[in-house]
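No experiment lies behind these values; they were computed from the predicted model shown. Every number for a ligand or one of its atoms is a count from 1 in the order of the listing.
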Amino acid sequence: MSDPATPATHDAFDAPTRTALITGASGGIGLAMARALLEHGFDVTLVARPTPRGERAAADLAKHAGRDGAVTFLPADLASLKDVRRLAQDVRARTPHLDLLVNNAGAFVYERALTEDGFERTFALNHLSPFLLTHLVTDLLLAAPEPRIVTTSSAAERMGAIDLERAASGTPYSAWRAYGWSKQANIHFAREAARRAPDPKVRAYAFHPGFVNTGFGGGSGVLSRLVALTQRWFARTPEQGADTGVWASTATPAIEPNGAFLVDRKVSTPSSAARDDAMARDLWERSEAWVELTPAERWNPDAA
Ligand SMILES: NC(=O)c1ccc[n+]([C@@H]2O[C@H](COP(=O)([O-])OP(=O)(O)OC[C@H]3O[C@@H](n4cnc5c(N)ncnc54)[C@H](OP(=O)(O)O)[C@@H]3O)[C@@H](O)[C@H]2O)c1
């Protein structure tokens, strides 16, 4: 990402380079999105946990970019709300505007585990973390001419209405239900973000990437080995999985309606549970409390 004082340029009109923050970009769909967005002229900041995987992905991508400063890696454990806050500060120190936030980091968690904040891990990483991060970079998004928020959801959202207390606590625990509810939460988030955004220029989408060969959900159990085998035989490539997210990020004019759920480059209708407006509001307001947003960090309380 470029120095805030001297924004890089990439076109004849001297417009500032568009910047994208992509979580879960050390591999899989996020890395494929980062590569495609670079080709669309974005500077990209990749986020993943502080391991060599993320550093390596960023270094490889930087070679591919052919532009100095076009790729940055920022490590963060997004299952920790404290680390999400620290990440947001790092981002703010590096760029004056954010044209695109891709909330893509996610996990399938086989056994119930609680985060340091006391939330079930799937719910914390897949829903609370993007919810908080989005709020903390709002002013950077508002500083961009056509800001977009794109969240990687899944067709696995079809798990019926979310039981919010059970989702947050993981009690009783079902890994598939926890994952499905977290991905349904991504759809509620996009719809509600479109409704509550502090400026109508903010566009928010959720998308299903298809069944993608990324090693996602990898573990040592029989079920995860079966998933890995099926992925190898039947799944899409990460580039194919990233395609609808790249479309949502770059389509001109922006896709209508704002808040849409997208599958295979089309506006799609998610489950009836994912279209429940009362649930979207309830989830939003409970999430504001769970991540402890200050009044100043909240979006449009009048829309409640
Ligand atoms: N693959 C599929 O078939 C499929 C289908 C539908 C939806 N999705 C969704 O697509 C998204 C990306 O998944 P993928 O298939 O590309 O799998 P992946 O290759 O496992 O990517 C997951 C990404 O999330 C990052 N991540 C995981 N835990 C993290 C944490 N605590 N903090 C920060 N980053 C973390 C990982 O980075 P590090 O491990 O390096 O930290 C990695 O970059 C997920 O949201 C998933 O739900 C996938």
Answer yes or no: is there a side-chain heavy-atom contact under 4.5 Å between [X] and [Y]?
| X | Y | result |
| --- | --- | --- |
| Arg49 | Leu78 | no |
| Tyr173 | Glu111 | no |
| Arg166 | Ser174 | yes |

Can a salt bridge be assigned to the pair [X] and [Y] using a cut-off of 4.0 Å between side-chain N and carboxylate O?
| X | Y | answer |
| --- | --- | --- |
| Glu297 | Arg85 | yes |
| Asp139 | Arg92 | yes |
| Asp43 | Arg67 | yes |
| Arg265 | Asp243 | yes |

Which of the ligand 1 atoms, numbered from 1, are nearer than 4.0 Å to a heavy atom of [X]:
| X | result |
| --- | --- |
| Gly210 | 3 (O), 4 (C), 5 (C), 6 (C) |
| Phe211 | 3 (O) |
| Arg121 | 31 (N) |
| Asp77 | 30 (C), 31 (N), 32 (N) |
| Ala76 | 32 (N), 33 (C) |
| Pro209 | 5 (C), 6 (C), 7 (C), 8 (N) |

Answer yes or no: does an N/O atom from [X] fall short of 3.5 Å to an N/O atom of ligand 1?
| X | answer |
| --- | --- |
| Leu78 | yes |
| Gly24 | yes |
| His208 | no |
| Ile29 | yes |
| Arg49 | yes |

- Message: Are His127 and Trp284 an aromatic pair, judged by ring center distance below 6.0 Å?
- Response: no
- Calculate, to the nearest 0.5 Å, the distance between atoms CH2 and OG1 belonging to Trp299 and Thr134 respectively. 6.0 Å
- Between OG1 on residue Thr269 and CZ on residue Phe261, distance to nearest 0.5 Å: 9.5 Å
- Item | Donor on one side chain, acceptor on other, Ser268 and His208, under 3.5 Å | no
- Item | Polar side chain donor-acceptor pair, His64 to Glu39, under 3.5 angstrom | yes
Measure from [atom] to every heavy atom in [options] and give the option owning the shortest one.
| atom | options | result |
| --- | --- | --- |
| atom 9 (C) of ligand 1 | Val47, Val212, Thr152 | Thr152 |
| atom 19 (O) of ligand 1 | Ala242, Ser129, Gly28 | Gly28 |
| atom 37 (O) of ligand 1 | Gly106, Ser154, Ser26 | Ser26 |

Measuring from the heavy atoms of [X], does anything fall under 4.0 Å of ligand 1?
| X | value |
| --- | --- |
| Tyr179 | yes |
| Lys183 | yes |
| Glu157 | no |
| Ala79 | yes |
| Ala25 | yes |
| Gly54 | no |

Contact partition for [X] relative to ligand 1, non-hydrogen atoms under 4.0 Å:
| X | value |
| --- | --- |
| Leu125 | side chain |
| Pro238 | neither |
| Arg56 | neither |
| Ser153 | backbone |
| Ala105 | both |

- Query: Distance-only, no hydrogens or angles: does the Asn126 side chain make a donor-acceptor pair with backbone N or O of Ala107 under 3.5 Å?
  - Reply: yes
- Look at the side chain of Asn213 and the backbone N and O of Thr237, then say whether any donor-acceptor pair between them is shorter than 3.5 Å. no
- For the residue pair Phe189 and Phe131, categorise the inter-ring angle as parallel (less than 30°), tilted (30 to 60°) or perpendicular (more than 60°). perpendicular
